[in-house]
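Read the structure below first, then the notes.
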Amino acid sequence: MSPGNDRSDPPLGSGLAAAGEGLRADLLALLTARGKLLRLELQAAAAVLRRAAVASTVGGVLAIVGLAGALVAAAPWLEQQLALPAGSVLPILSIVLLAAGLTILTQASRRFRRDFAGLRDTLAETQEDVLWLREILHRGPRGADDGMQAQGDYPPA
């Protein structure tokens, strides 16, 4: 008998199904780990943003207090140099700075609301992708009635 006709040999490709299942399990573990890593990175980025916001706020408050002190100290000198009545420069400087500050805050607030998408959208989309890939990996070999669109494996809209 020839070696190819020996009935004890396993059929050609019989180990492919087990290898495919192992590959699916490995891919699913990889995707799960990537999702966890993404979540941790986003949480770390949010913590950095919080620290930057706190530091900016504290620095801004200190700068405002310092500017107010400088204006109070410079007001008598400006009044003397400009030959203005006593007590007239400080209110003018205060109104100019208040108007400029409110304009900057309003514009910054509008821009932030317009541009900031948030991290929650990214996390939600990533979780949807992981769930979709899990469904693809767990459904097994594709059949004719697998419910997916004819052009490819896209989740139904």
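Computed over heavy atoms, backbone and side chain alike; hydrogens, waters and symmetry mates excluded.
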Notebook entry, point to check: How would you list, by chain and number, every residue that makes a side chain to side chain donor-acceptor pair (under 3.5 Å) with S88, sequence neighbours excluded?
Noted result: none
Margin query: Has S109 got a side-chain atom pairing as donor or acceptor with L105's backbone, closer than 3.5 angstrom?
Written below: no
Margin query: Rounded at 0.5 Å granularity, tell me how far CG in L62 sits from OG1 in T57.
Written below: 11.0 Å
Next item on the list: Kindly write out the residues that satisfy side chain to side chain donor-acceptor pair (under 3.5 Å) with T103, not counting sequence neighbours, or none if the list is empty.
Entry: none
Margin query: Under 4.5 Å between side-chain heavy atoms, counting indirect links through other Ile/Leu/Val/Met/Phe/Trp/Tyr residues: same cluster for L31 and W132 or not?
Written below: yes
Next item on the list: Please write out which residues are connected to L97 in a hydrophobic cluster, directly or through intermediates, given that two of Ile, Leu, Val, Met, Phe, Trp, Tyr count as joined at side-chain heavy-atom separations below 4.5 angstrom.
Entry: L67, L71, V72, W77, L78, L82, L84, V89, L90, L93
Margin query: Which Ile, Leu, Val, Met, Phe, Trp or Tyr residues join L131 in one cluster when any pair of side-chain heavy atoms under 4.5 Å counts as a link?
Written below: none
Notebook entry, point to check: Who pairs with R39 by side-chain contact (heavy atoms from CB on, under 4.5 Å), at least two apart in sequence or on another chain?
Noted result: Q43, L123, Q127
Margin query: Please tell me whether L28 and L30 are part of a single hydrophobic cluster in this structure, the criterion being side-chain heavy atoms less than 4.5 Å apart.
Written below: yes
Check: About how many Å separate CD1 of I92 and CD of E79, when rounded to the nearest 0.5 Å?
Finding: 9.0 Å
Next item on the list: Show which residues join L40 in its hydrophobic cluster (side-chain heavy-atom contacts under 4.5 Å, direct or indirect), or state none.
Entry: none
